[in-house]
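Scroll down for the structure; my scribbles are underneath it.
Note that this is a predicted model, so its numbers are computed, not measured. Read the numbers this way: they start at 1 and go in the same order the structure lists the ligands and their atoms.
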Amino acid sequence: MTAKVIDGKAIAARVREEVKEEVAEITSEYGMPPGLEVILIGDNPASAIYVRNKGRASEKVGIRSQTHRLPKTVTTEEVLDLIDELNADETVHGLFVQLPVPDQVDEKALQRRISPAKDVDGLNPVNIGLLSLGEDCLVPATPSGIIDMLKREDLPIYGQNVTIVGRSNIVGKPFYMLCVREHATPTICHTRTRDLAAETRRADILVAAVGVPGLIKEDMVKPGAVVVDVGISRVDDPSTERGWRWGGDVAFDEVKEVASAITPVPGGVGPLTIAWLLKNCAKAARRLMSG
Ligand code: NAD
C-alpha cells in the first residue's frame with residue numbers, strides 16, 4: 001500500500017479563504033477589523049521568521065496585526081505590563097507570546113495573564129479547563145487544525161484508536177482532549193513510555209509531535225493507519241544547496257509504504273497551524289465584538 005499524501009497547504013488555503021470571508025463580515029458589521037498582537041522577546045531567528053509569517057498571513061485575510069519586539073533582557077513584570085495594556089485595548093482581539101521566551105521570563109505567568117477571551121494560543125488555564133470540560137473555548141491551533149484536516153479528508157475519528165507521541169501543552173495534551181471530544185480512544189506517549197512501538201502499532205491514527213527526526217519507523221505503524229507528522233526539525237543534508245532540510249518525526253519514505261494516509265513535512269501540519277491561529281483570532285474577535 002502506498003499512502004495518500006495529505007496536502008496540508010491546499011487545506012490551509014481553504015481554511016484561510018473561510019477566515020477571510022468571516023473577517024470581512026466582522027469588519028463590515030462592527031466597523032473594525034480583528035486585531036492580532038504578538039509579543040516577540042529576544043532575537044531568536046526562527047521565532048522572528050514564525051512571527052513574520054503569522055503577521056503576513058493575518059494581513060492577507062484582513063486581520064490587523066502588530067508585533068511588539070522586546071529585548072532579551074526584559075523582565076517578567078515588564079512583559080506582564082504590556083499584556084495588561086493589550087488586554088485592556090478594545091482594538092486587540094487576539095494576543096499571544098511567541099515561544100520560547102528567555103530563561104528569566106516566567107512563561108506560565110504570561111500565559112495566565114493573557115485574557116482568556118484573547119488567548120488565541122489556547123494556553124491560559126481557563127481555556128485548558130474549558131477544553132477538558134468539553135466546553136466551547138479557544139483551543140491551540142495545531143491540534144484543532146489536525147482534527148479539521150482529518151474531517152476534511154473524510155478520515156474517521158469516531159471510535160478510532162489514536163496514539164499521540166509527545167505530551168506538550170501546545171500539541172499532545174490538547175489533541176488528546178479533542179480526541180475524547182470526538183469519541184476516539186486516545187493514548188498519549190512520552191519519553192517514559194515503556195514500549196513506544198507497542199503503543200504506536202495499536203493506532204488507527206498516529207500523531208507524532210516529538211521533535212526527533214525519523215523516530216517513527218515503518219515497523220512501528222499498523223498497516224493502513226493514518227499518520228500525522230507534527231515534528232519539524234532541521235536535518236543535515238549535504239545533497240541540498242543549503243546543507244540541510246526540514247525533517248519530520250516520521251521516516252516518511254518507509255512509513256508511506258504501510259500507512260493509508262500521511263502528512264508530509266514541510267507542507268503538512270505547519271500551514272494548518274497558521275490558518276487555525278487566524279481562525280482563532282476571528283472567533284475571539286466575533287465573541288468580543290458581539291459583546
Ligand atoms: P515539546 O518539544 O515541548 O516536547 C516533546 C515531547 O516529545 C515531550 O512530551 C517528550 O516527552 C516527547 N518525546 C521526546 N522524545 C521522545 C521519545 N524518544 N519517545 C517518546 N516521546 C518523546 O513538544 P512540541 O512543542 O509539541 O513540539 C514537538 C515537535 O513539533 C517539534 O519538532 C516542534 O517544532 C513541532 N511543532 C510543529 C508545529 C507545526 O505547526 N507543525 C506546531 C508545534 C510544534
Side-chain angles (χ1 to χ4, degrees), residues 5-9 11-13 15-16 38 44-54 57 96-101 103 107-108 111 120-123 128 131 139-150 162-179 186-203 206-217 219-221 227-236 244-252 262-280:
V5 179
I6 298 174
D7 187 348
K9 278 192 197 164
I11 298 171
V15 175
R16 287 198 307 269
V38 187
N44 178 328
S47 294
I49 293 170
Y50 291 144
V51 165
R52 192 188 63 202
N53 291 344
K54 289 171 187 174
F96 71 94
V97 178
Q98 180 66 40
L99 302 178
V101 297
D103 289 346
E107 180 187 315
K108 290 200 176 94
Q111 282 157 0
V120 286
D121 262 351
L123 291 172
I128 296 170
L131 176 62
V139 180
T142 305
S144 298
I146 297 171
I147 293 285
D148 179 58
M149 172 195 78
L150 295 171
V162 180
T163 300
I164 307 147
V165 190
R167 58 176 161 185
S168 69
N169 292 334
I170 191 94
V171 184
K173 284 187 216 161
F175 191 71
Y176 182 96
M177 294 313 311
L178 290 176
C179 286
T187 301
I188 197 157
C189 304
H190 43 77
T191 41
R192 317 293 159 86
T193 296
R194 210 179 302 144
D195 185 350
L196 181 64
E199 303 299 340
T200 58
R201 275 198 292 265
R202 289 192 307 121
L206 174 58
V207 176
V210 187
V212 177
L215 175 74
I216 306 295
K217 306 274 192 293
D219 61 358
M220 296 168 74
V221 178
V227 179
V228 179
D229 192 352
V230 183
I232 325 173
S233 314
R234 270 170 80 140
V235 181
D236 289 339
W244 61 271
R245 60 178 170 80
W246 293 114
D249 293 340
V250 176
F252 182 84
I262 188 168
T263 63
V265 176
V269 174
L272 300 173
T273 297
I274 297 198
W276 271 80
L277 174 75
L278 306 177
K279 205 163 171 102
N280 275 351

Starting from atom 14 (C) of ligand 1, find the nearest protein heavy-atom neighbour and note its residue, name and distance. Val210 CG1, 3.3 Å

The option among Gly145, Gly166, Pro100 carrying the non-hydrogen atom nearest to atom 6 (C) of ligand 1 is Gly166

Atom 21 (N) of ligand 1: which protein heavy atom is closest, and how many Å away? His190 C, 3.2 Å

Heavy-atom contact check, 4.0 Å cutoff: does Ala209 meet ligand 1? yes

Working to the nearest 0.5 Å, report the span between CG of Asp219 and CZ of Arg201. 6.5 Å

Option whose closest heavy atom lies nearest to atom 19 (N) of ligand 1, chosen from Leu196, Leu99, Ile146: Leu196

Quick one: nearest non-hydrogen protein atom to atom 29 (C) of ligand 1, plus distance? Gly211 N, 3.6 Å

Starting from atom 8 (C) of ligand 1, which protein heavy atom do you reach first, and at what distance in Å? Arg167 N, 4.0 Å

To the nearest 0.5 Å, what is the distance between CG (Leu277) and CD1 (Ile274)? 7.5 Å

Residue pair Thr273 / Thr142, side-chain donor-acceptor N/O under 3.5 Å: yes

So, does Thr263 use its side chain to make a donor-acceptor pair with the main chain of Val269 at under 3.5 Å? no

Counting only heavy atoms, which portion of Ile170 has something under 4.0 Å from ligand 1: side chain, backbone, both, or neither? side chain

Numbered atoms of ligand 1 (with element) below 4.0 Å of Gly231, judged on heavy atoms: 29 (C), 30 (O), 32 (O), 35 (C)

Using 0.5 Å steps for rounding, measure from the CD1 atom of Ile262 to the CG atom of Asp229. 7.0 Å

How about CG on Asp195, more than 12 heavy atoms from neighbouring residues, nucleotides or ligands closer than 6.0 Å, or not? yes

Decide yes or no for Pro100 and Asn44: does some side-chain heavy atom of the first lie under 4.5 Å from some side-chain heavy atom of the second? yes

Those atoms of ligand 1 less than 4.0 Å from some heavy atom in Val165: 20 (C), 21 (N)

Backbone or side chain, does any N or O of Ser168 fall under 3.5 Å from an N or O of ligand 1? yes

Under the side-chain contact (heavy atoms from CB on, under 4.5 Å) criterion, do Asp121 and Asn280 qualify, and how do the steps go? CA-CA 8 Å; Asp121 262 351; Asn280 275 351; over 6 Å; no

Counting from 1 in the order shown, the ligand 1 atoms closer than 4.0 Å to a non-hydrogen atom of Val171 are 26 (O), 43 (C)

Under 3.5 Å, side chain of Asp249 to main-chain N/O of Gly214, donor-acceptor pair present? no

Would Cys189 count as a contact of ligand 1 if the rule is a heavy atom under 4.0 Å away? no

Do the side chains of Val162 and Phe175 get nearer than 4.5 Å, heavy atoms only? yes

Any N/O of Asp249 closer than 3.5 Å to an N/O of ligand 1? no

Of Asp229, Val230, Thr191, Ile164, the one whose closest heavy atom lies nearest atom 37 (C) of ligand 1 is Val230

Using a 4.0 Å cut-off to any heavy atom of Thr273, which atoms of ligand 1 qualify? 39 (C), 40 (O)

For Gly270, atoms of ligand 1 separated by under 4.0 Å from a heavy atom: 40 (O), 41 (N)

Return the CG to NZ distance between Asn169 and Lys108, rounded to the nearest 0.5 Å. 7.5 Å

Number the atoms of ligand 1 from 1 as they appear, then name those within less than 4.0 Å of a heavy atom of Thr142, with their elements. 40 (O), 42 (C)

Leu196 backbone acceptor or donor facing Thr193 side chain under 3.5 Å: no

Using heavy atoms and a threshold below 4.0 Å, how should the contact between Ile232 and ligand 1 be classified: side chain, backbone, both, or neither? both

Stepwise side-chain contact (heavy atoms from CB on, under 4.5 Å) check, Trp276 with Lys279: CA-CA 5 Å; Trp276 271 80; Lys279 205 163 171 102; 3.7 Å; yes

Compute the minimum heavy-atom distance from Thr193 to ligand 1 and say whether it is under 4.0 Å. no

Out of Leu277, Leu215, Ile274, indicate the one that has the non-hydrogen atom closest to atom 17 (C) of ligand 1. Leu215

